[in-house]
**Q** 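The structure is given below, and queries will be raised subsequently.
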Amino acid sequence: MRIPIKEVTSGTAQAEVIGWVHEVRDLGGLTFFLIRDRTGILQVTIPKKKVGDEVLAAIREVSRESLVRVRGSVKAIEKAPGGRELVPDSFELLARSESPLPLDVVEKVPADLDTRLDARFLDARRPRVTAIFQIRSAVTRSVYEYLFPRGFVNITTPKVVAAATEGGTELFPIAYFEKEAFLNQSPQLYKQMMMAAGFEKVFEIGPIFRAEEHNTTKHLNEATSIDVEVSFADHLDVMRLLEDLIVHIYRFVQDQCADPLEALEIGELAIPDTPFERLPYPDAIDIAAKATGEPISYGDDIGTVAEKAIGEHMGAHYFITDWPTAIKPYYAMPCEDDPSVCKAFDLMHPRMELSSGAARVHLHDLLAHQIRAKGLSPENFEFYLTPFRYGMPPHAGWGLGAERLVMTMLSLANIREAVLFPRDRHRLTP
RNA sequence: GCCCAGGUAGUGUAGUGGCCCAUCAUGUCGGCCUGUCACGCCGACGACUCGGAUUCGAAUUCCGACCUGGGCGCCA
């Protein structure tokens, strides 16, 4: 009966494991194999004079990264990794690996990210990479475990859509029978329609597509968005929800992912403190102007240099609030006392933006007005605008970038490290 | 869209006009080795993205193509 390598301890008598050949050290009369599965690494020691001919024949055939099944007795040995080793009665080659390998799994020689992504299946055998995706899975799970008990309904919305509804970013056109269609940039409009449907609290974790030709370490053309929308809530409510969720995710990962965190040499995650600081937009641009010496006018977007300067100044997660209405999307609700300011916010990690959200415009005429004010025509938004004429509740929500969350949590240098098969300007395979 | 940088064995690199039929490491193959843990030692194998130009001579300079990384704008 095969067991995970992690479960082989110095107290185990007999064990059968299946894994990949991580390393081989042949000392002549004695050969050491390191066998790896997703749970860990086990040393298999072969004293050539004391094992059968079948074992000797098998080990002549194996190459690095071949898949093998080994059965034998476990010995507690202090000088072996993990304090135990396996001396095989049987050593079976299940699937031979060709050589040379496209990249060095043991990482004696580093591989470029590009090379690694070309051979992602092999790259992902590396304990460090396995750990990233075990943690990413835990992040997703913790979102479900946070939202379901709070009454959220998990929805899925179309990724194939008819028109560029939000404006701003570029969309990927696709062929949809005889019609023109696009890949959706965000579930935004559909989440809002479900507010009209009375679902009250919805969320979706799904792909979003942006056809921007950017080429940076923090952008993807296909990303994963954790999207939330809540009726009878305003921006302040959903900001509290968001910061509480972030802390919940960090705690969950800290509790559940000790081994992966160890593999990443992180050990203890720094759990963010709540409440996150609320930094009004005018203060944010002041900080940036002072830090960079570059003047920033009210109403300017906060560029990368400014964002970095503000992040260094803040040193922890924070919200930017009180945004000028002019530089936020049409669906952000303007403040009653000063409509030039809106109820939108961005959640920032010191390194980058993680999420943006707002209290939404739920009044049909105001929404139509704001769409026109952005130079868009309400006629193209009929499917979206109609629900606002039939009892749309006030609501608020946000979208949180899953890859950026994982990337900042684990201090990854490149967002592509947080996706198994990233889609960027140049990469469409694997 | 704009700007910068770069393409040398499977992988990561050195080499900026002749000292290079190309450095080092890792790998692969062969040999020696019974406690390695980046095992060690000996030997071998394996590469200048493509096309054109300059030159007595080009991995190296120039032009073009192709490919790639990064920065900015914008954004999650």
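Convention: sequence-line order gives letters A, B, ...; per-chain numbering from 1. Remember, it's a predicted structure, so these values are computed and weren't measured experimentally.
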**Q** Does the structure show a Watson-Crick or G-U wobble partner for B/C33, both distances under 3.5 Å? Name it, or say none.
**A**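 Partner of B/C33: none found under 3.5 Å.
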**Q** Please tell me which of the listed nucleotides, B/U68, B/C37, B/C75, lies nearest to the side chain of A/E307?
**A**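 Shortest atom-to-atom distance from the side chain points to B/C75.
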**Q** By nearest nucleotide on RNA chain B, pick out whichever of A/S355 and A/R416 is the more 5' one.
**A** A/R416
**Q** What distance, rounded to whole Å, do you find between the two P atoms, one in B/C41 and one in B/U36?
**A** 15 Å
**Q** Which residues satisfy the salt bridge (Lys or Arg N to Asp or Glu O under 4.0 Å) test with A/K159, sequence neighbours excluded?
**A** A/E204
**Q** How many Å lie between CZ on A/R404 and C1' on B/C75, as a whole number?
**A**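 Going from A/R404 (CZ) to B/C75 (C1'), I get 6 Å.
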**Q** For A/E23 and B/C37, what is the distance between atoms CD and C1' respectively, to the nearest whole Å?
**A**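 So the CD-C1' distance, A/E23 to B/C37, works out to 8 Å.
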**Q** With RNA chain B as reference, determine whether A/D424 or A/E213 sits nearer its 5' end, using the nearest nucleotide of each.
**A**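 That would be A/E213.
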**Q** I'd like the P distance from B/A59 over to B/C20, given in whole Å.
**A** 13 Å
**Q** What is the base-pairing partner of B/A47, counting Watson-Crick and G-U wobble geometry with both distances under 3.5 Å?
**A**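 Its partner is none (no Watson-Crick or G-U wobble pair with both distances under 3.5 Å).
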**Q** So which protein N/O to nucleotides 29-35 of chain B N/O distances come out below 3.5 Å?
**A**
residue: B/C33; atom: N1; partner: A/L27; partner atom: O; Å: 3.2
residue: B/C33; atom: O2; partner: A/L27; partner atom: O; Å: 3.1
residue: B/C33; atom: N3; partner: A/D26; partner atom: O; Å: 3.3
residue: B/C33; atom: N3; partner: A/L27; partner atom: O; Å: 3.3
residue: B/C33; atom: N3; partner: A/G28; partner atom: N; Å: 3.3
residue: B/U34; atom: OP2; partner: A/G29; partner atom: N; Å: 2.7
residue: B/G35; atom: O2'; partner: A/K79; partner atom: NZ; Å: 3.0
residue: B/G35; atom: N1; partner: A/E85; partner atom: OE1; Å: 3.2
residue: B/G35; atom: N1; partner: A/E85; partner atom: OE2; Å: 3.0
residue: B/G35; atom: N2; partner: A/E85; partner atom: OE1; Å: 2.6

**Q** Tell me every residue that passes salt bridge (Lys or Arg N to Asp or Glu O under 4.0 Å) with A/R404, counting only those two or more places apart in sequence or in another chain.
**A**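 Scan of A/R404 (salt bridge (Lys or Arg N to Asp or Glu O under 4.0 Å), adjacent residues dropped) gives none.
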**Q** In terms of the angle between their ring planes, are A/F209 and A/F172 parallel, tilted or perpendicular, with boundaries placed at 30° and 60°?
**A** perpendicular
**Q** For B/U34 versus B/A25, give the span between their P atoms, rounded off to a whole number of Å.
**A** 26 Å
**Q** Heavy-atom contacts under 4.0 Å between residues 273-305 of chain A and RNA chain B, which residues?
**A**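 Here the set is A/D301, A/G303, A/T304.
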**Q** Pull out every protein N or O sitting under 3.5 Å from an N or O of nucleotides 6-9 of chain B, one pair per line with the distance.
**A**
none

**Q** Could you go through the salt bridge (Lys or Arg N to Asp or Glu O under 4.0 Å) check for A/E107 and A/R116 one step at a time?
**A** CA-CA 11 Å; A/E107 255 197 337; A/R116 292 172 43 204; 5.6 Å; no
**Q** Please, which pairs that meet ring pair (Phe, Tyr, Trp, His ring centres under 6.0 Å) have at least one residue in residues 117-147 of chain A, sequence neighbours excluded?
**A**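 Listed once each, the pairs are A/Y144-A/F148, A/Y144-A/F203, A/Y146-A/H248.
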**Q** Provide, to the nearest angstrom, the distance between the CD1 atom belonging to A/I205 and the P atom belonging to B/A76.
**A** 18 Å
**Q** Could you work out the separation of B/G46 and B/A22 based on their C1' atoms and round it to a whole Å?
**A** 13 Å
**Q** Which ring pair (Phe, Tyr, Trp, His ring centres under 6.0 Å) pairs, counting each pair once, include a residue from residues 17-56 of chain A, with sequence neighbours left out?
**A**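 Ring pair (Phe, Tyr, Trp, His ring centres under 6.0 Å) check on residues 17-56 of chain A returns A/F33-A/F91.
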**Q** Please state the P separation for the pair B/C56 and B/A44 - nearest whole angstrom.
**A**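 So the two P atoms sit 38 Å from each other.
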**Q** Could you tell me the separation between the CD atom of A/E65 and the P atom of B/G27, rounded to a whole number of Å?
**A** 13 Å
**Q** Go through it in stages, so that I can follow the logic: the residues are A/E403 and A/T224, the test is side chain to side chain donor-acceptor pair (under 3.5 Å), and I'd like the CA-CA distance, side-chain angles, deciding distance and then a yes or no.
**A** CA-CA 7 Å; A/E403 286 83 11; A/T224 308; 2.7 Å; yes
**Q** Residues two or more places apart in sequence or in another chain: which of them pass salt bridge (Lys or Arg N to Asp or Glu O under 4.0 Å) with A/D112?
**A**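 None.
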**Q** Suppose we define a pair by two distances each less than 3.5 Å, Watson-Crick or G-U wobble; what does B/C56 pair with here?
**A**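 Across all strands, the one nucleotide that pairs with B/C56 is B/G18.
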**Q** On a whole-Å scale, what distance lies between the P atoms belonging to B/G43 and B/G52?
**A** 40 Å
**Q** Is any side-chain N or O of A/S225 closer than 4.0 Å to OP1 or OP2 of B/A76?
**A**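 It does not, given that no N or O in the side chain of A/S225 lies less than 4.0 Å from OP1 or OP2 of B/A76.
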**Q** Using the test ring-ring contact (aromatic ring centres under 6.0 Å, His included), find all partners of A/H349 that sit at least two apart in sequence or belong to another chain.
**A**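 Partners of A/H349 under the ring-ring contact (aromatic ring centres under 6.0 Å, His included) test: A/H317.
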**Q** For B/G70, take OP1 and OP2 only and decide whether either is under 4.0 Å from a side-chain N or O of A/N414.
**A**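 A/N414 to B/G70 OP1/OP2: side-chain N or O found under 4.0 Å.
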**Q** Measure distances between side-chain N and O atoms of A/H219 and base N and O atoms of B/C74, and say whether any donor-acceptor pair falls under 3.5 Å.
**A** yes
**Q** Compare side-chain N and O positions of A/H214 against OP1 and OP2 of B/C74 and report whether any pair is under 4.0 Å apart.
**A** no
**Q** Looking at RNA chain B, which of residues 233-251 of chain A put a heavy atom within less than 4.0 Å of it?
**A** none
**Q** Within this structure, what is the CG-to-P distance between A/L405 and B/C75, rounded to whole angstrom?
**A** 21 Å
**Q** Find the distance A/E204:CD to B/A76:C1' and express it as a whole number of Å.
**A** 14 Å
**Q** Does A/K308, at its NZ atom, have more than 12 non-hydrogen atoms belonging to other residues, nucleotides or ligands within less than 6.0 Å?
**A** no
**Q** Using atom C1' of each nucleotide, how far apart are B/G51 and B/G7 to the nearest Å?
**A**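 Comparing C1' positions in B/G51 and B/G7 gives a spacing of 16 Å.
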**Q** Just name whichever nucleotide pairs with B/A38, Watson-Crick or G-U, keeping both distances under 3.5 Å, else none.
**A** none
**Q** Would you check, one step at a time, whether the test side chain to side chain donor-acceptor pair (under 3.5 Å) holds for A/E85 with A/T45?
**A** CA-CA 7 Å; A/E85 65 182 17; A/T45 302; 2.7 Å; yes
**Q** Is the phosphate of B/U28 approached by A/R64 (side-chain N or O, under 4.0 Å from OP1 or OP2)?
**A**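 Yes, within the criterion.
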**Q** Between atom CZ in A/R84 and atom P in B/U36, what is the gap in whole Å?
**A** 18 Å
**Q** Tell me if the CZ atom of A/R120 is crowded by more than 12 foreign heavy atoms within 6.0 Å.
**A** yes
**Q** With a 4.0 Å cutoff (strictly under), does any side-chain N or O of A/T217 reach OP1 or OP2 of B/G71?
**A** yes
**Q** Can you measure A/L42 atom CG to B/C37 atom P for me and round it to whole angstrom units?
**A**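 Nearest whole value for this atom pair: 18 Å.
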**Q** Suppose you measure atom P in B/C3 against the same atom in B/G64; what distance do you get, rounded to whole Å?
**A** 14 Å
**Q** Parallel under 30°, tilted from 30 to 60°, perpendicular over 60°: which one fits the rings of A/F345 and A/F319?
**A** perpendicular
**Q** By a strict heavy-atom criterion of less than 4.0 Å, which residues belonging to residues 106-125 of chain A are in contact with RNA chain B?
**A**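 Result for residues 106-125 of chain A: A/K108, A/V109, A/P110, A/A111, A/D112, A/D114, A/T115, sorted by number.
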**Q** In the structure shown, which nucleotide is the Watson-Crick or G-U wobble counterpart of B/U11, with both distances under 3.5 Å?
**A** B/A25
**Q** If pairing requires Watson-Crick or G-U wobble contacts with both distances under 3.5 Å, which nucleotide is the partner of B/G73?
**A**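 By the stated definition (distances under 3.5 Å), nothing pairs with B/G73.
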**Q** Should A/N215 and A/D424 count as side-chain neighbours, where that means a heavy-atom distance under 4.5 Å?
**A** no
**Q** Applying salt bridge (Lys or Arg N to Asp or Glu O under 4.0 Å), name anything that partners A/R240, two or more places apart in sequence or on another chain.
**A**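 Residues passing salt bridge (Lys or Arg N to Asp or Glu O under 4.0 Å) with A/R240: A/D237.
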**Q** Please check this pair: side chain of A/S63 against backbone of A/S97, looking for a donor-acceptor N/O pair closer than 3.5 Å.
**A**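 Here the side-chain-to-backbone pair exists.
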